[in-house]
Amino acid sequence: MKIMAQASSPQAVLASWLQAAFAKAYPEVAGEGFQARVVAATNPEFGDFQCNDAMALAKRAKQPPRVVAQAALDALPVPEMVCKAEIAGPGFINLTVSAQWLADRLEEQMANPHLGVPQTGEGKTIVMDYSSPNVAKPMHIGHIRSTVIGNALDRLLRARGYRVVADNHLGDWGTQFGILICGYRAFLTPEQQENLTVELLEKVYVQSYNRTKEDPVWLEQCRAELVKLQQGDDANRAVWKRFIDISIREFTRIYDRLDVHFDLWRGESYYNDRLPAVVERLQNEHLAVPSDGAWIVDLKDEGLDVCIVRKSDGGFNYATTDIATVASRTEEFAPDSIIYVTDERQQLHFKQFFAICRKIGLHTRLEHVWFGLMRLPEGTFSTRQGNVIKLEALLDEAENRALTIIRDSHPDMDEASQRALAADIGISAVKYADLSHDPQSLVVFSWDKALALDGNSGPYLQYAYARLCSLLDKYGQDTAAHRLAPATPIEKQLVLQLLRYPETVERASTASKPSHLADYLYELARNYSRFYQSSPVLKAAPEVRDARVKLCSVIARTLEHGLHLLGLRTPRRI
RNA sequence: GCGCCUGUAGCUUAGCCGGAUAGAGCAUCGGAUUUCUAAUCCGAGGGUCGGGGGUUCGAAUCCCUCCAGGCGCGCCA
């Protein structure tokens with residue numbers, strides 16, 4: 001199969017012209033190392049694109065900016081697709097480009113199987129580590145960000161051609177299992193043990209944990225069970241395995257609702273066998289030194305304090321596990337990079353173990369994408385305080401709110417369809433609420449924010465898409481043979497915006513901010529809604545109609561592509 | 001104390017590798033449906049971009065400083 005050549009963007013075409021023009025007019029200052037930049041006009045009144053470089057060059061050229069701009073425009077013939085090139089204000093070069101030329105570029109973009117998204121990841125592998133809940137605790141609203149943002153980044157990378165290995169690095173090992181095993185045996189009836197749920201496990205954990213605080217004998221017993229588990233005791237291994245199986249079953253139910261799927265489910269325990277070797281290696285290379293009975297790596301030189309790699313009781317901790325995980329992933333997948341998506345609190349931890357990995361020669365690029373911790377208005381929440389909101393409850397509420405509206409607006413629809421649509425809309429509303437904001441902003445949870453159904457919300461985008469589908473269905477013919485022919489300002493604006501899709505996907509991915517794409521899609525849906533309101537499509541004269549339907553089909557495809565990159569569903573009817 | 005981050009309209013926010021009049025949504029008020037889905041569209045009011053200083057032709061954006069808040073800083077992950 002022939003690979004379609006990457007269509008160069010209008011900006012790139014215009015920038016290379018102006019680059020040559022500046023170089024010709026001012027060879028001394030605009031030669032080597034100078035990069036002309038053309039960006040979208042800040043205001044449609046100014047034109048379609050603008051270049052601000054004349055102002056930057058003015059000082060070095062020792063001429064007023066407007067003179068520099070004029071000299072550049074005089075240096076080379078203006079390309080034929082440029083209808084108007086004028087100098088404005090202090091020295092902006094404003095460019096107005098032929099709508100038809102833009103439309104032709106857009107046709108090229110749509111002929112590309114990736115809608116013009118550069119396949120920079122071709123042949124490269126990235127391991128992504130996101131969501132990663134702890135076994136035996138229900139997922140709560142604090143897990144939604146890592147899951148939803150991580151999954152969107154996963155999808156964005158795949159769209160750029162990367163092979164992504166999404167690994168759900170479950171918290172399935174650690175001191176909590178001694179507490180859990182004792183609690184499980186002491187507090188649960190045989191029936192409860194038979195019908196074990198994560199919710200029960202959580203209750204048992206809290207109860208057992210509280211008892212360790214007041215009953216030293218109990219605490220000792222928990223420790224003993226933990227040691228037995230770590231030494232491979234059959235009975236404890238079996239119980240532990242059961243906790244994991246039950247947890248995975250429940251997590252999967254939620255992931256299915258969220259359309260999130262992993263390639264691997266390797267918990268921390270998967271790397272247990274490698275932990276001693278990691279510490280030995282650090283000891284042999286004199287990177288780890290004893291301190292108060294523990295083994296630490298001193299990273300003060302790098303401003304990263306010290307990091308414990310082996311506890312004074314001989315046990316290993318998370319830093320060791322994470323280093324072992326990097327080693328294992330590097331051997332198995334030879335990834336270009338490993339990306340971790342967690343909340344802001346773990347920044348130091350990641351910096352520390354990234355530094356240690358470098359010291360022992362693990363040179364895989366490691367990246368920590370952090371996001372703002374979700375809080376409640378009264379502060380942070382924790383299992384022990386019992387003020388968590390379960391993720392499942394949030395999803396249920398989202399679907400219920402959507403269902404109420406659907407029953408009202410589609411009384412004719414059968415119950416099953418209403419529920420299916422409510423799921424499509426409700427879940428997407430929850431995901432969009434997270435994806436549409438900068439991941440690094442602080443988030444204070446509120447039901448109304450998380451479940452917004454109008455304005456800048458998931459359903460707004462889905463509604464625009466459903467209207468497009470409805471219109472295309474009513475038209476009922478294939479649009480493949482039609483050509484775009486933008487004739488009105490709003491149509492041209494849509495074409496210009498659609499042309500920005502590839503760069504938007506790339507920017508969202510490289511900046512690790514799905515919000516850039518969410519913003520773009522919202523603007524696209526908004527412009528479509530304005531177009532829809534002001535411009536008849538099916539009722540227009542035939543030539544106009546066919547071109548407009550074609551435009552609608554391009555918008556629909558782009559919107560659908562983008563919504564899927566965010567992990568949002570695209571029902572054809574709302 | 002040290003480190004990371006945040007501060008934009010009543011609320012939620014976009015813009016932050018410097019560009020022209022700081023864009024939206026919610027809420028409030030006023031309009032639009034014999035017309036392709038009103039979860040829509042159009043309009044109005046509402047801003048010392050936390051304060052101060054600096055760099056620059058130009059600062060929400062870069063630098064310094066102060067204020068306010070969040071998070072993290074050796075054996076939890």
Side-chain angles (χ1 to χ4, degrees), chain A residues 37 39 41-43 45-46 50 52 55-56 58-59 64-65 88-92 94 132 134 169 171 173-176 268 291-297 303-319 321-322 342-349 351-352 370 372-373 375 379-380 402 405-406 408-410 425 429 433 436-438 440-444 446 448-449 452-460 462-464 466-475 515-516 518-519 522-523 525-526 529-540 545 548-549 552 573-574:
Chain A
R37 276 186 65 200
V39 297
T42 53
N43 186 326
E45 285 172 26
F46 301 143
Q50 66 183 60
N52 307 332
M55 291 173 287
K59 182 166 269 181
F92 298 102
N94 289 337
S132 308
N134 285 326
H169 191 69
W173 200 248
T175 49
Q176 74 270 30
E268 293 162 349
S291 169
D292 296 336
W295 286 82
I296 62 166
V297 177
L304 297 176
D305 218 312
V306 302
C307 179
I308 293 178
V309 293
R310 181 154 200 175
K311 300 189 282 183
S312 51
D313 68 0
F316 304 99
N317 64 1
Y318 57 115
T321 307
D322 280 333
T342 81
D343 75 55
E344 57 188 319
R345 291 175 303 182
Q346 302 196 37
Q347 289 174 81
L348 179 61
H349 161 64
K351 283 181 190 164
Q352 287 182 331
W370 60 266
L373 180 67
R375 300 164 180 80
T380 55
I405 296 172
I406 292 164
D408 213 40
S409 60
H410 295 301
I425 293 173
S436 61
H437 294 130
D438 186 328
Q440 299 190 340
S441 59
L442 301 171
V443 176
V444 177
S446 87
D448 287 337
K449 248 199 288 178
L453 300 174
D454 56 5
N456 185 353
S457 68
Y460 180 90
Q462 291 177 315
Y463 182 68
R467 275 171 147 184
L468 281 159
C469 290
S470 166
L471 194 149
L472 292 168
D473 286 347
K474 285 205 165 97
Y475 181 67
S515 55
H516 289 320
D519 261 7
Y522 172 66
E523 273 306 311
R526 221 164 83 83
S529 294
R530 294 161 71 179
F531 164 73
Y532 181 89
Q533 157 72 24
S534 64
S535 319
V537 177
L538 299 181
K539 287 170 184 162
R545 181 195 61 199
R548 284 185 177 167
V549 170
C552 288
R573 185 187 168 189
I574 283 187

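Order of the sequence lines fixes the chain letters, A, B, ..., with proteins taken first and strands second; residue numbering starts at 1 for each chain.
For B/rA38, the OP1/OP2 oxygens have a side-chain nitrogen or oxygen of A/Arg467 closer than 4.0 Å. In this model, the phosphate group of B/rG74 is not approached by any side-chain N or O of A/Ser291 to a distance below 4.0 Å at OP1 or OP2. For A/His516 and B/rG15, the shortest distance from a side-chain N or O to OP1 or OP2 is below 4.0 Å. Under 4.0 angstrom from either OP1 or OP2 of B/rC73 there lies no side-chain N or O belonging to A/Lys351. Between A/Lys59 and B/rC57 there is a side-chain N or O to OP1 or OP2 distance below 4.0 Å. Using a 4.0 Å cut-off, no side-chain N or O of A/Tyr460 falls inside it from OP1 or OP2 of B/rA24.
Both geometric conditions, a ring-centre gap below 5.5 Å and a plane tilt below 30°, are fulfilled for A/Phe46 over the base of B/rA20.
Remark: the A/Thr42 side chain and the B/rA20 base include a donor-acceptor N/O pair separated by less than 3.5 Å. In this model, no side-chain donor or acceptor of A/Tyr463 finds a partner on the base of B/rA39 within 3.5 Å.
Smallest separation of non-hydrogen atoms from A/Cys307 and A/Ala319: SG-CB, 3.6 Å.
Looking at A/Thr321 and A/Trp173, their side chains never come closer than 4.5 Å, going by heavy atoms from C-beta outward. Under the 4.5 Å side-chain criterion, counting only non-hydrogen atoms from C-beta, A/Val537 is not in contact with A/Tyr475.
Distance noted for atom C1' between B/rU6 and B/rU61: 15 Å (whole Å).
When Watson-Crick and G-U wobble pairs are counted only if both distances are under 3.5 Å, B/rC2 pairs with B/rG72.
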